[in-house]
Trainee: 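Just passing along the structure, written as structure tokens.
In listed order, ligands and their atoms are each counted from 1.
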Amino acid sequence: MHAPRSLLLLPAIIMCHFMTGQHNCVAIHKKTSCQVQGGRADCSHLRLKAVPPNLPRNITGLDVSHNDLKALPPGSLAPYPLLLHLNVSYNSIAKLDQGVCRTLPLLQTLNMAHNVVHLLNEEDVSLCTNLTRLIMASNKLLLRGEPFSALQSLRVLDVSMNKLESAKLGSRPQLPHLVSLDLAFNSFTTLKKGDFSFLRHSPFLQILNMSSVLLKKLEPGCFEPISGLRALIMDGSNMGTQVISKLCSELSATAIDSLFLRKTKLITLTKATFKGLKETNLTFLDLSRNDMEKIEGGAFSWLSRLHTLILTDNGIKLLTNDTFKGLNSLRSLQLTKALVKRHSTPIIEDFSFRPLIALESLILQRTAIHDITENTFTGLSSLRELDMSWSSCASLRNINNKTLVSLSGSPLLKLNLTGTAIARINPGSFFFLRNLTTLLLDFNFIKQTLTGEEFEGLNRVEELHMSNNHQTVNLSSRSFVNVPDLRLLNLGRSLKAEAVNIDPSPFRLLLKLTVLDLSNNNIANFRENMLEGLVNLKVLSLQHNNLARLWKTGNEGGPLLYLKHTPSLTTLLLDSNGLDEIPAEALRGLSNLREISLMNNLLNSLKDSIFDNLSSLRVFDMQKNLLTAVRPRVFKAPLRNLSLLLMNKNPFDCTCESMLWFVTWLNDTHGTRVPGLRDQYLCNTPLAYFNRSVMDFDGLSCKDMTPFQALYILSSTAVIMLTVTALLVRFHGWRIQFYWNVLINRTLGFSDAKADEGREFEFDAYVIHAEKDADWVDRWMALLGNDLCRFCLEDRDSIPGMLKLNSIVDNMRKSRKILFVVTETLLRDPWCLR
Ligand SMILES: *[C@@H]1O[C@H](CO)[C@@H](O)[C@H](O)[C@H]1NC(C)=O
Ligand SMILES: *[C@@H]1O[C@H](CO)[C@@H](O)[C@H](O)[C@H]1NC(C)=O
Ligand SMILES: *[C@@H]1O[C@H](CO)[C@@H](O)[C@H](O)[C@H]1NC(C)=O
Ligand SMILES: *[C@@H]1O[C@H](CO)[C@@H](O)[C@H](O)[C@H]1NC(C)=O
Ligand SMILES: *[C@@H]1O[C@H](CO)[C@@H](O)[C@H](O)[C@H]1NC(C)=O
Ligand SMILES: *[C@@H]1O[C@H](CO)[C@@H](O)[C@H](O)[C@H]1NC(C)=O
Ligand SMILES: *[C@@H]1O[C@H](CO)[C@@H](O)[C@H](O)[C@H]1NC(C)=O
Ligand SMILES: *[C@@H]1O[C@H](CO)[C@@H](O)[C@H](O)[C@H]1NC(C)=O
Ligand SMILES: *[C@@H]1O[C@H](CO)[C@@H](O)[C@H](O)[C@H]1NC(C)=O
Ligand SMILES: *[C@@H]1O[C@H](CO)[C@@H](O)[C@H](O)[C@H]1NC(C)=O
Ligand SMILES: *[C@@H]1O[C@H](CO)[C@@H](O)[C@H](O)[C@H]1NC(C)=O
Ligand SMILES: *[C@@H]1O[C@H](CO)[C@@H](O)[C@H](O)[C@H]1NC(C)=O
């Protein structure tokens, strides 16, 4: 028996070793081996036939639920002596071996639910003294002797779904620390007097779950041993009025606080049903799903301490002025689907709620009510919340100053009229709700122009929800004059397309407004001043409108920069507006913006720096546009500090020019989440990359361009240099030539004669000049020439009759210096050239 099992286990073990190289078994996709995390091993759903022997020794939790274990031999748990929590639920284990707790002395939680354990003897768990939770639900338990008597630490015991024939789990007192006992779905139908006597010394017992136990008989004093009981759950027990009545009287001597009587066939609630609870401190009562049709007057009058009453899902036909009599501590009344239309429409009589002087929350969701009169809600002097959402009531179709007048004595803060088929709100309809802060009118059929009188008296309202009203609401400049404290205004999918195109703007006085939702309204036009004064606006929803034209360069009067009035914006939603252009100044100054969504537009090329002011941006959504290039001059600033980028589904052009910067950024996103990066960021062009991920784009191919770039720079420099040189030579050639000659002469050693050379000089200088310059040279010489300086001028001082060249050489020799009068003409002079 053991050999084949270990053989079958072998592949799993080998897999574990191969996948990690260590003892930890980590699955890659679909779990094929145990997962170890935080000291717990999850080996569930692996078709194991035995506990894996190769997990880390120090695990404290082991889950081998949903496998094919047929037994739990203590030896198989020996490798894990530190286990605190063991889950072997959903196997086919037939016996709990005594050795399990010997092997695992520290065990605190043992879950053996959904096995086939039959006999449970005292010895089997006698060593499990450290156990605090024992789950034996859904087995075939047959208890022998006092199986649980050793469980000194047990706090939770679940023996539900075991076909137990009695609630009696032992005959002598035991389980001193038990807090919760689950006996649900067992077969006993009678609670005998001594059944719970084994819990006589269990002072901490608080919760008893007997759901779906079909109790028919309760012997007097059956709860007496567990009088500390605080919560009793009897859901699905089909007890009916009579047995419930008996149950309540048995509970009278207990500390019962919460009673769950869901689905108990309590069709008629008589005046006496809860009489037994009179002396208790019951605060919570759940009577949902009982098909209850009739509540006799005064039925709750015994429950003066009740805080919460839940009557959800019933078929109550009538509430009268004494239905809730005596519930003067009730804070919360749940009537969701409690009154529904069957043959006739249920009626709430006048003053029905008057006894509920402490009621703070009245939930009438999805009920059908014949009508609301001037006294329906009279007397609810503590009411703070009234929820009538999705209820049908003819009186709400056309709300006027009488409809809700019965609430005038209530300090109502929240009124939920979502989905109540309101078609019209007349002037002064909410006039008496002076304390109201939240008014919900979503999903109605309101069809009117709001003049402002509708909201008269609501000067404390901070939230007004009017979304989904079939785009039949029209606004006027005075629509919101009576709600100056408004912080949230939701008009999504409610307005006529032209409703906001009015001057002055309907929103101009809402200085505290922080959230404005105008989405889904097909708005195509409004004035530049629509948001003027909304300096506190943080969230602006304009998605699913038609605002493309307002930002076009060609717009009459230029692009409409309507966002310049809202410097505090943190969230801007402009999805699906057909935008193909964003003006350079449109998003200027929005330095608090954290989220911008431009999804589903037609944006292609964007102007440089349009996003540069968005220095707080964390979420940037540009999905499904027509972006081909992601250029740094547009996107570098907004992408700097993002936590989430959505730019998928754009027709990217994977060329160096368009994509290199973006791909490099994506490769190194530093904590920005980019969902779908692999499969939704696809290249559209060029053909070579078509339909491939942008991450396949080879950045290196761009780097190969570097030598060519260098060559280009080099050659263009050379050309420029050549040009400059040519121009220089053309216009300053003579000067260069002169310096060149001087340089040559210097280096070749032609130097001035030294003063002490001892030669006899006749002249101080020999003057060489161009013939053309002769006139002014003569003049200057005349000025300078005196006794100190004698100049030799060729024309003047050449010796007559002598060869010109000889004369020159002779005169030069007689001169201490040679003075060149360098002019352009000299350098062109044939003599000089020679
Ligand atoms: C268990 O032991 C492994 C080494 O075998 C060690 O890495 C791990 O931290 C230990 N876990 C706990 C919860 O002590
Ligand atoms: C045991 O496993 C079952 C089934 O996987 C799960 O529902 C249950 O929460 C687990 N119990 C404990 C105590 O871990
Ligand atoms: C219960 O656990 C404690 C440590 O928490 C241990 O010292 C004690 O031996 C355990 N009890 C048994 C019976 O093993
Ligand atoms: C009572 O026990 C049943 C069976 O264990 C369980 O499904 C149900 O959630 C429990 N009810 C409460 C209120 O805990
Ligand atoms: C009900 O509460 C009061 C005070 O809170 C307490 O004195 C009384 O004993 C409680 N009654 C029961 C039956 O627990
Ligand atoms: C309740 O209504 C009935 C008539 O419908 C009336 O006779 C009775 O006085 C009312 N009771 C209270 C407490 O208002
Ligand atoms: C108003 O009622 C609707 C529909 O039942 C619900 O979804 C919403 O949460 C309620 N709003 C408030 C503020 O209670
Ligand atoms: C209620 O409205 C009607 C007509 O619309 C008006 O005559 C009446 O004075 C209003 N009542 C109050 C209390 O405002
Ligand atoms: C309702 O408003 C009044 C003043 O108009 C105030 O005295 C009262 O405390 C408010 N009630 C609540 C519950 O805010
Ligand atoms: C909407 O109301 C304005 C006045 O605020 C009015 O000029 C306009 O005609 C109304 N539009 C429709 C379609 O009723
Ligand atoms: C907004 O951007 C413009 C142009 O880029 C710049 O001149 C201005 O200083 C920026 N303003 C802020 C608040 O960053
Ligand atoms: C992305 O980064 C890896 C390693 O950091 C590098 O090998 C690869 O070339 C980079 N790809 C691009 C396109 O920059």
Trainee: Considering only heavy atoms of R354, which atoms of ligand 6 have at least one such atom less than 4.0 Å away?
Mentor: 14 (O)
Trainee: What's the shortest distance from atom 2 (O) of ligand 6 to any protein heavy atom, and which residue and atom give it?
Mentor: N321 ND2, 2.3 Å
Trainee: Is the ring pair F274/F300 parallel, tilted or perpendicular, if the boundaries are 30 and 60 degrees?
Mentor: parallel
Trainee: Could you identify the single nearest non-hydrogen protein atom to atom 14 (O) of ligand 9 and state the distance to 0.1 Å?
Mentor: N435 ND2, 3.2 Å
Trainee: For atom 5 (O) of ligand 7, what's the nearest protein heavy-atom neighbour? Residue, atom name and distance, please.
Mentor: S389 OG, 2.8 Å
Trainee: Under 4.0 Å from ligand 9, counting heavy atoms only, is it the side chain of R434, its backbone, both or neither?
Mentor: neither
Trainee: When you check the gap from the basic side-chain N to the acidic O, do D485 and K512 get nearer than 4.0 Å?
Mentor: yes
Trainee: Assess whether a salt bridge exists between E296 and K271, defined as any Lys/Arg side-chain N lying under 4.0 Å from an Asp/Glu carboxylate O.
Mentor: no
Trainee: Check ligand 7 against W390 and write out every atom of the ligand that is under 4.0 Å from a heavy-atom position of the residue.
Mentor: 4 (C), 5 (O)
Trainee: Identify, by atom number and element, the atoms of ligand 7 in contact range of Q365, meaning under 4.0 Å from any of its heavy atoms.
Mentor: 5 (O)
Trainee: Donor-acceptor pair, distance only, cut-off 3.5 Å: does the side chain of N490 make one with the backbone of G492?
Mentor: yes
Trainee: What I want to find out is whether E528 reaches K564 closely enough, with some N-O distance under 4.0 Å, to be called a salt bridge.
Mentor: yes
Trainee: Salt-bridge test for E462 and R487: reply yes if a basic N is under 4.0 Å from a carboxylate O, no otherwise.
Mentor: yes
Trainee: Quick one: look up the protein heavy atom nearest atom 4 (C) of ligand 9 and list residue, atom name and how far away it is.
Mentor: R460 NH2, 3.6 Å
Trainee: Which of the numbered atoms in ligand 9 are below 4.0 angstrom from a heavy atom of P411?
Mentor: 11 (N), 13 (C)
Trainee: Where is the nearest protein heavy atom to atom 8 (C) of ligand 7: which residue, which atom, and how far?
Mentor: N416 ND2, 3.7 Å
Trainee: With a 4.5 Å cut-off on side-chain heavy atoms, are R527 and N501 touching?
Mentor: yes
Trainee: Backbone, side chain, both or neither: what part of E349 comes under 4.0 angstrom of ligand 6, heavy atoms only?
Mentor: neither
Trainee: Can you tell me if R493 has over 12 outside heavy atoms packed within less than 6.0 Å of its CZ?
Mentor: no
Trainee: Answer yes or no: is there an ion pair linking D235 with K263, defined by an N-O contact shorter than 4.0 Å?
Mentor: no
Trainee: Which residue and non-hydrogen atom of the protein lie closest to atom 13 (C) of ligand 9, and at what distance in Å?
Mentor: R384 NH2, 3.5 Å
Trainee: Would you please determine whether K414 falls within less than 4.0 Å of ligand 7 on a heavy-atom basis?
Mentor: yes
Trainee: Do protein heavy atoms approach atom 10 (C) of ligand 6 to less than 4.0 Å?
Mentor: yes
